Amino acid sequence: MAATEWFKDAVFYQLHVKSFVDSDADGFGDFRGLTSRLDHLEQLGVDCLWLQPIYPSPFRDDGYDIADYCAIHTSYGTLDDFRAFLDEAHRRRLRVITELVLNHTSDQHPWFQQARSAPDNPYRDWYVWSDTDDRYRDVRVLFCDTERSNWTWDPVAKAYYWHRFFSHQPDLNYDNPAVRDEMWRVMQFWVDLGVDGFRVDAVPYLVEREGTTCENLPETHDVIRELRRRLDAHAPGRLLLAEANMRPEDVRPYFGDGDEFHMAFHFPVMPRMFLAVRLEDRKPLVDILDRTPPIPDTCQWGVFLRNHDELTLEMVTDVERDFMYSEYAADPQARINVGIRRRLAPLLDGDRRRIELMTTLLMSLPGSPFVYYGDEIGMGDNIHLGDRHSVRTPMQWDGDTNAGFSRASPERLWLPLVTSPVYGYQAVNVERQRHDGSSLLYWMQRLIRVRKTSRVFGRGDMVVLHPANHRVLAFTRTLGSETVLVVLNLSSTAQCAELDLGAHDGAIPVEMFGGSIFPRVQATPYVLSLGPYGTFWFRLRWL
Ligand code: GLC
């Protein structure tokens, strides 16, 4: 097995240092805090941590507005603290990927300050300027709740600058080789420090061309290919993971011929998991899996249920979007842009059975799964906070002051803790769940451990079965001579399914959590009953 393909077997864990543990009582999480809590992540059994932006930033987009790419935000500590964290993570066999925001900087970045200062400043051409705001008219506005145009007038430069996100995030100009070289230097800086790769933010928007949507352009792929070539030559085995919130057929080119990204998030499958469980019907999910093109052998999908952004509904039909809003965000306060700003547990009404079903589904699909911090204990959200902060509140470690997140006075915390009766930190916290053998946390730990007993989950192919009962989703995952059968009841009532397992005639299904032996597969349909939201993982054995 190529060690360079470690990401195929990995379970990822996404966290924001800011929200994890605060060691110096300033109300912000930091690297020393994170380092002190690595036990939790090691016990959970995850393999790779994805850290959201850790760089100096005015925090107008929670750090995705970067003011210096090669430093640590002072609230998080020093570069030495980062090094100590990385060493400790690596000692525990935890890999670490960081965030690479290529598309834009903060308007506070010295490059932009230089660029705006004079038309002949060498940095002027690092950004995208125009005398008018009518270029690239066909381009949609992404943050439609806050921005009305992708152009903003800069009174200092006396010109408009281009931005796909907030107006304080000017887009870099990737037609300028100096920008591409500089971004490679940034990558090199972090790779030389030892990071294992990058989650690359907002990939589709790097290059602009008149008369196009300015998304997924061939020139954008050229930029990526060049960065990948440089990365492979300098430090083979480091990961590039794409955030490209696009249809599967538009994401596929980001894998190239195995010469662009190693991984890309599968955005469209995410809302369809929520649709399928609400409709109690596998169809939306199977449709998108059918529409997902094959990817090169050296590549991998990243699958997730929730992350730090809204549950985006850009990739579903209008009818599906209306349904999702009415079922999952009846309170308009839960909506933002084209999506829903809620965490996993509240989305599923705190129903443990549904949380387990969805998490089992996540861990069974082709690709490597991503767990969003706090979802392993079923943390709640606070939809009354601004922007997407609803899902970014401090990690709930225990039932003490500030949930064990910080010793600062509660007013100083960068975001207030969730305190609702159901999801508040006295009720939902790591310590409590560590003392409870039947907790969600223990269940997750076990799920991850069982997943790791077979490489089919990360590497196997998938064959979807089509039982007449459409409330049941069933598929096999096969790698070489090993096959795992996954059966999931998407509904709230008991179900029975007749599976055509003809291709596995004579096999004995062995349930993977307890080792129970099920009846041998015969030529006739294989009949299985499942309780509400019930799930099975079977290893098929030929004894
Ligand atoms: C990505 C990030 C999001 C951020 C945006 C602009 O989509 O996930 O949080 O706001 O990029 O940087």
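Whatever order the structure lists ligands and atoms in, that order sets their numbers, starting from 1. Computed from a predicted model, the values in this text were never measured in an experiment.
- Those atoms of ligand 1 that come under 4.0 Å of a heavy atom in Asp309, given as number and element, are 2 (C), 3 (C), 7 (O), 8 (O), 9 (O).
- Residue contacts with ligand 1 for His163 are absent, since no atom lies close enough (heavy atoms, distance under 4.0 Å).
- A salt bridge between Arg272 and Glu320 is present, with a side-chain N of the basic residue lying under 4.0 Å from a carboxylate O of the acidic one.
- Salt bridge absent: Glu88 and Arg32 never bring a charged side-chain N and a carboxylate O closer than 4.0 Å.
- Ligand 1 places these atoms under 4.0 Å from at least one heavy atom of Asp201: 1 (C), 2 (C), 7 (O), 8 (O), 11 (O), 12 (O).
- The closest heavy-atom contact to atom 12 (O) of ligand 1, among the options Glu310, Arg164, Arg199, His104, comes from His104.
- The aromatic ring centres of Tyr373 and His16 sit 6.0 Å or more apart.
- If you number the atoms of ligand 1 from 1 as listed, the ones under 4.0 Å from a heavy atom of Glu243 come out as 1 (C), 7 (O), 8 (O).
- Interface of Arg388 with ligand 1, defined as ligand atoms under 4.0 Å from a residue heavy atom, comprises 3 (C), 4 (C), 9 (O), 10 (O).
- With a 4.0 Å cut-off on non-hydrogen atoms, Phe143 touches ligand 1 through its side chain and not its backbone.
- Within the 3.5 Å criterion, the main-chain N or O of Tyr64 finds no donor-acceptor partner in the side chain of Asp61.
- Within ligand 1, counting atoms from 1 as listed, the ones closer than 4.0 Å to a heavy atom of Gln169 are 12 (O).
- Compare Asp61, Val101, Asp65 by their heavy atoms: the one nearest to atom 10 (O) of ligand 1 is in Asp61.
- Between the side chain of Arg124 and the main chain of Ala115, a donor-acceptor pair closer than 3.5 Å is present.
- In the vicinity of His308, heavy-atom distances shorter than 4.0 Å reach the ligand 1 atoms 2 (C), 3 (C), 8 (O), 9 (O).
- Each of Asp201, Asp171, Thr220 was scored for a side-chain hydrogen bond (donor to acceptor under 3.5 Å, both in side chains) with Asn103, with one residue passing: Asp171.
- If you run side-chain hydrogen bond (donor to acceptor under 3.5 Å, both in side chains) between His262 and each of Arg228, Gln300, Glu5, only Arg228 comes through.
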